[in-house]
Structure formats: structure tokens, C-alpha cells
Amino acid sequence: MSNQFADEEVESSYGYLSGYRKPKGITEQTNILRQLIPGIGFADEKFAEQPLPPNAEGWFAIPRWQSVGKTYEEALQKVLDLIKQQRGSFYNYCEGQLGEQYLRRLERSAKKLEILGEAQKGYDILVVAAQFGLRHRGRSVRRAREVFMANEFGLGAFEIACMILTHQDRLANYDDLWIDCAGDEYAPDADGRFSRAPYFYFSDGEVWFGTCYVDDASEHYGSASAFLPQQ
């Protein structure tokens, strides 16, 4: 394990308080997504029959962002709107500030998702081995990125928003572990300095979406990540 940013870790006892333990079955997840996203297609459910990679909690159904919007930012906004529709309330600190000058994909995550996409050609919804934040709780975003396994990568706000849509019991209490989006970078002043990363949290009875500095280590946060199947 790399020692870079090793001081950006704190002890954490936060976890999955609201009932989530592992993901629902792929069929159930894709049915939820098709009810919420008009015209979305299907997933290669047989992909989930292979051995689960180490450190993954299970298989998640996550649409390709291209099947939801013309740009990544448009697709993310649509899914954030669906969270508000589903939950009845939602607060977005980044409202109106999700354009490409603010938000961009981490290259590592984009490339790993392309590999998964190539392995599941012809399907709108990808089957992804992932964990919802517990593995990296207490670590800053950049520390989590530093200790990712070779086949591991951070999930972005779009992927995590989709996971929240299919698993309402993951983020429903203030004392749930909040979720860092280590697969995205955020420039709060739209000046090319991508010093932050998005995250989701729960407060005042609703899900919130905001950003935090990538060097900020907090016991309340953990980065969600995904894994390529091991060959």
C-alpha cells in the first residue's frame, strides 16, 4: 500500500445504519431503473454469474450515462432530479454548476468503465461489482484513490446517484456513512483547479449533494468504488 497521503486517514465507526447490507438482485435493480428512466434498456444479467471480485459488496445495475443524457452533466442532472422525485425532497448545492467547467470525470474511472462497457456491448445498463463506501471510510478522496487496487476505481456522481435510486436504504439517516464520489473532480470556481470531489449525504430528512476538498479526511465519509472482474 502506498504511503502517499497516509496522514489523510481517520478512525471511523460510521457504516450502513439504515438497513443496506448488500445490493438487491440485478433483475430487481433493472426493473426499478426502467420504471424511473423512460426508454432505458436491459442488462446482461449473466455477467453477475462470475465470481465477485474481492472487496466488492455485490453486483450493481448502473446505466451507461450515454443512455440517459447527451453529456455526462446532463445525465447526472436527470438522475439527481429522479432522486428528488423518488424521495420527495432533495437539496443540490451545485445547482446550475454542473457544466464541464465545473465537473469532469477522472481519467482512470472513465477508462475502467469503458472496459466494462466493451465487455457488455449492446446493453444500456452495465452490471458492475462495487462497494458503497465502507471499504474507504475515514479516508480522504485522494487517499482512497492512492490505495485503490489495480482493478479498482472510484465511482462518479452519476453512478452513485443511480445506486442510491435502486437502494433507498443506503442513505436515509444522518448517521449513515456519507458517500464520496472519487471518480469525479470538481472545480468550485470553474477556473481549472479541480480541488474538490462531489459527495452525497443525508441531513434534515433529505439527501443532499455537494462537494468536499479531496484532501479532507472525515470519519463521516467513505469513497464508493468499483472493480473490474479478475481474469
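We number each residue from 1, following the sequence as shown.
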With a cut-off of under 6.0 Å to the ring centre and 45° to the axis, is Arg108 in cation-pi contact with Phe153? no

Please test Gln168 against Arg87 for side-chain contact (heavy atoms from CB on, under 4.5 Å), starting from the C-alpha separation and ending with a verdict. CA-CA 8 Å; Gln168 293 191 62; Arg87 300 279 187 126; 3.7 Å; yes

OH on Tyr213 to OG on Ser195, rounded to 0.5 Å: 5.5 Å

For the student: nearest non-hydrogen atoms of Val127 and Ala43, plus distance: CG2-CB, 4.0 Å

Short question: side chain of Asp184, backbone of Ala157 - any donor-acceptor pair under 3.5 Å? yes

Same cluster (ILVMFWY, side-chain, under 4.5 Å), Leu76 and Tyr93: yes

For Ala182, side chain to side chain contact (heavy atoms under 4.5 Å, CB included) partners two or more places apart: Val141, Arg145, Phe148, Ser223

If you look at every heavy atom in Val68 and Phe158, which pair is closest and at what distance? CG2-CZ, 3.8 Å

Atom pair CD1/CG of Ile160 and Asp180 - distance to nearest 0.5 Å: 8.0 Å

Do side-chain atoms of Lys112 reach the backbone of Leu228 as a donor and acceptor pair under 3.5 angstrom? no

So do Ile37 and Pro63 actually touch side chain to side chain, heavy atoms under 4.5 Å? yes

Looking at every heavy atom in both Gly117 and Leu126, which two are closest together, and how far apart are they? CA-CD2, 3.9 Å

Apart from Phe194 itself, residues in the same hydrophobic cluster as defined by side-chain heavy atoms under 4.5 Å: none

I need the Leu80 CG to Ile164 CD1 distance, nearest 0.5 Å. 9.0 Å

Those residues that, when tested against Asp81, pass side chain to side chain donor-acceptor pair (under 3.5 Å) (two or more places apart): Gln77

Please check this pair: side chain of Arg137 against backbone of Gly222, looking for a donor-acceptor N/O pair closer than 3.5 Å. no

Heavy-atom side-chain contact between Ile40 and Thr30 under 4.5 Å: no

Which heavy atom of Ile125 sits nearest a heavy atom of Gly41, and at what distance? CD1-O, 3.5 Å

Quick one: do Asn151 and Gln230 satisfy side-chain contact (heavy atoms from CB on, under 4.5 Å)? Show the steps, please. CA-CA 8 Å; Asn151 68 325; Gln230 294 183 326; 3.8 Å; yes

N/O donor-acceptor pair under 3.5 Å between Gln85 side chain and Leu82 backbone: no

Can you measure from SG (Cys181) to CZ (Arg105) and round to the nearest 0.5 angstrom? 10.0 Å

Within 45° of the axis and under 6.0 Å from the centre of the six-membered ring of Phe5, does NZ or CZ of Arg142 qualify? yes

Return the minimal non-hydrogen interatomic distance between Asn55 and Gln131, and the atom names on each side. O-CB, 3.7 Å

Between Glu219 and Ser12: side-chain donor-acceptor atoms closer than 3.5 Å: no

Linked, directly or transitively: Met149 and Leu52 (ILVMFWY side chains, under 4.5 Å): no

Would you call Glu100 and Arg104 a salt bridge, taking side-chain N to carboxylate O under 4.0 Å as the test? no

Do Leu155 and Ile115 share a hydrophobic cluster (ILVMFWY, side-chain heavy atoms under 4.5 Å, transitive)? yes

ring-ring contact (aromatic ring centres under 6.0 Å, His included) contacts in which one or both residues fall within residues 160-182, not counting sequence neighbours: Tyr20-His167, Phe60-His167, Tyr174-Trp178, Tyr174-His220, Trp178-Tyr201, Trp178-His220, Trp178-Tyr221

Between Phe132 and Arg170, is there a cation-pi geometry (under 6.0 Å to ring centre, at most 45° from the normal)? yes

Would you say Arg64's side chain and Tyr123's backbone share a donor-acceptor pair under 3.5 angstrom? yes

Enumerate donor-acceptor pairs with a distance under 3.5 Å from any side-chain N or O in residues 22-29 to protein atoms, sequence neighbours excluded.
from	atom 1	to	atom 2	distance (Å)
Lys24	NZ	Thr166	O	2.7
Thr27	OG1	Glu45	OE1	2.6
Thr27	OG1	Glu45	OE2	3.2
Gln29	OE1	Ala61	N	2.8
Gln29	NE2	Lys24	O	2.7
Gln29	NE2	Trp59	O	3.0

Looking at CG of Leu177 and CG of Leu17, how far apart are the two atoms once the value is rounded to the nearest 0.5 Å? 11.0 Å

Let's go through Cys162 and Val79 carefully: what are the C-alpha distance in whole Å and the side-chain angles of both, what is the deciding distance for side-chain contact (heavy atoms from CB on, under 4.5 Å) to 0.1 Å, and is it a yes or a no? CA-CA 7 Å; Cys162 291; Val79 178; 4.1 Å; yes

Closest heavy-atom contact between Cys94 and Thr211? SG-CG2, 3.7 Å

Following the transitive rule for hydrophobic clusters with a side-chain heavy-atom cut-off under 4.5 Å over Ile, Leu, Val, Met, Phe, Trp and Tyr, establish whether Val147 and Ile179 coincide in one cluster. no

Can any side-chain N or O of Asp176 pair as donor or acceptor with the backbone N or O of Asn173 at less than 3.5 Å? yes

Check for a donor-acceptor pair, side chain of Arg135 on one end and backbone N or O of Ala56 on the other, with a separation under 3.5 Å. no

Could you walk me through whether His136 and Glu9 pass the side chain to side chain donor-acceptor pair (under 3.5 Å) check? CA-CA 9 Å; His136 296 293; Glu9 292 192 31; over 6 Å; no

Side-chain donor or acceptor of Trp208 paired with backbone N/O of Ser203 under 3.5 Å: yes

Mind checking whether Phe202 and Asp175 have side chains closer than 4.5 Å, heavy atoms only? no

Rounded to the nearest 0.5 Å, what separates atom CG in Asp44 from atom CZ in Phe42? 13.0 Å

Sequence neighbours left out, what passes side chain to side chain donor-acceptor pair (under 3.5 Å) with Glu114? Give chain and number order. none

Flag the pair Pro198 / Phe209 as yes when at least one side-chain heavy-atom distance between them is below 4.5 Å, and no otherwise. yes

Cluster link Tyr199 to Val214, ILVMFWY, side chain under 4.5 Å: no

